[in-house]
> 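There's a structure below that I have some questions on.
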Amino acid sequence: MSPGNNDDSPGDAFGASGRPLTRKEIRAREKSLMTQGHEVIPPQAFETGRDSPPAAPAAPAEAARPENAPSQTAQPVHAPKLPAAGPTVHEDTESRDTVPADPVSPEKVPGDEVPEDAVRVHATRQYAAREYAGRVTPGAGPHYEAEHQPGYAAHPGAEYPGYEADAGDEADDVHGDSAERHPEYHHEEDGPELMAGASAKGSGKGHSRKVRRRRRFLALVLTLAVFVAAIVVGAQFIKPLLGGDTVADYPGPGTGEVTITVPPGAGPKSVATELQNKKVVANADAFLKEFATSGGALSPGDFNMRTEMKNSDAVAVLLNQDKGKVMYFALNAGLRIGESLRAISEGTGIPVDALKALSDSPAQFGVPAKSKNLEGFLAPGEYRFPLGTPAKDILQKLSSTTLDELKAQGITDPAKQYDVVTVASIVQAEGGQAEYGDVAGAIYNRLKPGNTETNGLIQSDATVTYGLGIRSFHIDEAQKADTSNPDNTYANTGLPAGPIGSPGKTAIDAAAKPKSNDYLYWVTINLDTKETKFSKTLAEHNGYVQQYNAWCAANAGRCV
């Protein structure tokens, strides 16, 4: 029936003909009453899913049907795909409320009372209207007393197009949350059981979503923690490589005693490296900056220093700026015994005679028995001794340095030590430092038995001048032929009587381990650069001698 066909008697459930009103008529009348003076309620608030057919005229016959007779079950028809605002009355015979025709009895007069079913339907419609208007909490109305039909399955997908139970987080956000926020959007056919299930499911999805978020957060925190830890640990390994943990300087003044040897021609960088390796200074680069600031120059020699010294103190030692606090002297490589004793005397104040007396008794210093004095065993270098140090202690220190170097090269036999020092003294006097190995090799080649080219003669000018007690790079033929000179290697075969000066460490190492070669001759053709030429034959050697004579002619006075 159209909503416009309203009856003026709102409480009468019967029409003018005395028959019971159909549900559609009752709804039309309720709608008319509810909308008078109020906002119009959307039609969805009154829809139940389908309209009931008009009641059959033979109501009494249906009422008189036996109780156990089977009834026809109407299949539920879902409402249109709009949210149902209120509960829907099922129309199945076993679970819905029908509007039977009430047989007229003597106690009842038609029109005096409204049928019970009509009242229940009317109350349901009023509740639906109030629920749709938001004034009644779902679940508080009388329709919750009804039970679902056996075998009726609620399908949320039929009520909410596009809804899927397991659609993931997006479905949870759209349907699960909206189901919690808008519980009124459900069909009556779903019933309280469906609503409860949906609520539990939405809650579970929300809980699962929170757990996943918490897990993602914890995973992020753990990843960041591992990353930071990796950076910290890695920095500890990289820092030493980058020099981040290097101490620039020690506080000083240092402890113990360390001997630093500065060989002739050594540069500040190599000395700085040795100082750092022996822990005299903390950092070689920082020491080099301090040394460059001083503007000084290195001198060869041995320096007594301490471990963990300040850079400035180490520089002062190398530049002899602490002479007033110690006894200091320097011995150059190649000095003869008399020259060495005078230098020691000048630096220590000890008389030369006292030093010479000690030197002439070499056995007390542990040198080989063949030694007549300490010639060749007073190691060159710079020395510093505390004020008042005895002369014997000073000479012992110098000779022990040479013996230690021989032992370091594997020369432990005293007789061989004496020969090696003798060869080293010739090497020191005859060649430049770069050619020490080849000069030593050529000397040993000349001393080999059966050598008919040299017949065991070393033929060194330096040995002749040493025996003569002079300093010269040039000797005549008469001096070469003087057999009375024990150090004359032109007239006497084999080694000279003994060392001819104090060899340095490099010369000792070359004499202990000479280079293997076939050379028999050598000559220094430039006394400034110490350039030395080697040859295997006398003819080749004479050509290099002419180059030497030409240099001497160009540099008058240098070769005498």
Side-chain angles (χ1 to χ4, degrees), residues 257-262 264 299-306 316-407 414 417-418 420-422 424-425 428-429 462-463 465-471 486-487 496-505 507-508:
E257 183 177 345
V258 179
T259 300
I260 300 297
T261 300
V262 179
S299 298
D302 291 338
F303 298 85
N304 294 326
M305 309 181 84
R306 296 179 296 272
V317 171
L318 292 174
L319 298 181
N320 303 319
Q321 295 176 355
D322 57 349
K323 288 182 179 179
K325 302 177 183 179
V326 296
M327 294 189 299
Y328 167 82
F329 60 88
L331 301 180
N332 292 328
L335 290 180
R336 298 171 181 174
I337 185 65
E339 296 168 337
S340 297
L341 295 178
R342 283 193 296 271
I344 296 171
S345 177
E346 292 174 359
T348 63
I350 301 173
V352 173
D353 293 342
L355 294 171
K356 186 177 183 304
L358 292 169
S359 174
D360 291 341
S361 300
Q364 60 182 322
F365 299 103
V367 298
K370 293 176 63 175
S371 301
K372 298 180 177 63
N373 51 37
L374 292 178
E375 181 71 274
F377 290 92
L378 297 180
E382 293 189 72
Y383 294 94
R384 292 165 180 80
F385 294 93
L387 295 174
T389 301
K392 183 178 179 180
D393 293 347
I394 295 174
L395 296 180
Q396 183 67 70
K397 170 65 177 177
L398 274 60
S399 58
S400 294
T401 300
T402 300
L403 292 172
D404 290 343
E405 184 61 30
L406 289 168
K407 294 175 182 177
Q417 287 178 344
Y418 189 78
V420 168
V421 170
T422 301
S425 66
Q428 183 74 54
T463 61
T465 58
Y466 178 83
L468 294 174
I470 63 175
R471 286 274 188 184
D487 297 309
I500 62 174
S502 297
K505 177 181 181 299
I508 292 176

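In what follows, every heavy atom counts, from backbone to side chain, and hydrogens, waters and symmetry copies are set aside. Everything numeric in this text was worked out from a predicted model, so none of it was measured.
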> Could you check whether any side-chain N or O of Glu339 sits under 3.5 Å from a backbone N or O of Arg336, counting only pairs where one atom can act as donor and the other as acceptor?
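Yes, the answer is positive, given that a donor and an acceptor are paired below the 3.5 Å cut-off.
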
> Taking side chain as C-beta onward, heavy atoms only, is Asn332 less than 4.5 Å from Leu335?
yes

> As an exercise, state the distance from CG of Leu378 to OG of Ser359, rounded to the nearest 0.5 Å.
6.0 Å

> Quick one: does Thr422's side chain get under 4.5 Å of Pro496's, heavy atoms only?
yes

> Set out, in order, the CA-CA distance, both residues' side-chain angles and the distance that settles side chain to side chain contact (heavy atoms under 4.5 Å, CB included) for Ile337 and Leu374, then state yes or no.
CA-CA 7 Å; Ile337 185 65; Leu374 292 178; 4.2 Å; yes

> Do Leu358 and Phe365 have side chains that get closer than 4.5 Å, going by heavy atoms?
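Side-chain contact under 4.5 Å: yes.
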
> Give a yes or no answer on whether the side chain of Gln428 reaches the backbone of Gly504 with a donor-acceptor pair at less than 3.5 Å.
yes

> Show your working on side chain to side chain contact (heavy atoms under 4.5 Å, CB included) between Thr259 and Phe303 and close with a plain yes or no.
CA-CA 5 Å; Thr259 300; Phe303 298 85; over 6 Å; no

> Donor-acceptor check, side chain of Ser345 to backbone of Ile350, threshold 3.5 angstrom: yes or no?
yes

> Please assess Tyr328 against Glu346 for the test side-chain hydrogen bond (donor to acceptor under 3.5 Å, both in side chains), listing each intermediate value before the final yes or no.
CA-CA 9 Å; Tyr328 167 82; Glu346 292 174 359; over 6 Å; no

> How many angstroms lie between atom CG of Leu341 and atom CD of Glu375, to the nearest 0.5 angstrom?
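Output value for this atom pair is 9.0 Å.
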
> How close do Ile394 and Phe385 get, counting heavy atoms only, and between which atoms?
CG2-CE1, 3.9 Å

> Check Ser425 against Ile500 and note the closest heavy-atom contact, atom names and distance.
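Smallest interatomic distance, heavy atoms only, reads OG-N, 3.1 Å.
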
> Determine whether Thr389 and Met327 satisfy the following criterion, side chain to side chain contact (heavy atoms under 4.5 Å, CB included), listing intermediate values before the conclusion.
CA-CA 8 Å; Thr389 301; Met327 294 189 299; 3.3 Å; yes

> Would you check if the side chain of Thr348 reaches a backbone N or O of Ile344 as a donor-acceptor pair within less than 3.5 Å?
yes

> Measuring only between side-chain heavy atoms, which start at C-beta, is Gln364 closer than 4.5 Å to Gln396?
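Answer no - side chains too far apart.
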
> Could Lys356 and Asp360 be called an ion pair, given the rule that one side-chain N must be under 4.0 Å from one carboxylate O?
yes

> From Leu403 CG over to Gln417 CD, what is the distance, rounded to the nearest 0.5 angstrom?
6.0 Å

> Measuring from atom CD of Glu405 to atom CZ of Phe377, what distance do you get when rounded to the nearest 0.5 angstrom?
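Atom-to-atom, Glu405:CD and Phe377:CZ are 13.0 Å apart.
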
> What distance separates Ile508 CD1 from Leu406 CG, expressed to the nearest 0.5 Å?
5.0 Å

> Of all the heavy-atom pairs spanning Asp487 and Gly467, show the shortest one and how long it is.
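Closest pair (atom of Asp487, atom of Gly467, distance): OD2-CA, 3.6 Å.
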
> Does any part of the side chain of Val258, heavy atoms only, come nearer than 4.5 Å to the side chain of Arg306, both counted from C-beta?
no

> State, yes or no, whether a side-chain contact exists between Lys392 and Lys397 at a heavy-atom distance under 4.5 Å.
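No, side chains not in contact.
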
> Might you point out which heavy atoms bring Phe329 and Gly347 nearest each other, and give the distance in Å?
CB-CA, 4.1 Å

> Between the side chain of Ser371 and the main-chain N/O of Pro368, is any donor-acceptor distance below 3.5 Å?
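Looks like yes, one N/O pair under 3.5 Å.
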
> Mind checking whether Ser502 and Ser340 have side chains closer than 4.5 Å, heavy atoms only?
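Touching, per the 4.5 Å side-chain cut-off.
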
> Given the rule in the side chain to side chain contact (heavy atoms under 4.5 Å, CB included) test, do Glu257 and Met305 qualify, once you have shown the distances and angles that lead to the verdict?
CA-CA 6 Å; Glu257 183 177 345; Met305 309 181 84; over 6 Å; no

> Give the minimum heavy-atom separation between Pro503 and Pro380, together with the two atoms involved.
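Where Pro503 meets Pro380 most closely, the heavy atoms are O-CD, 3.4 Å.
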
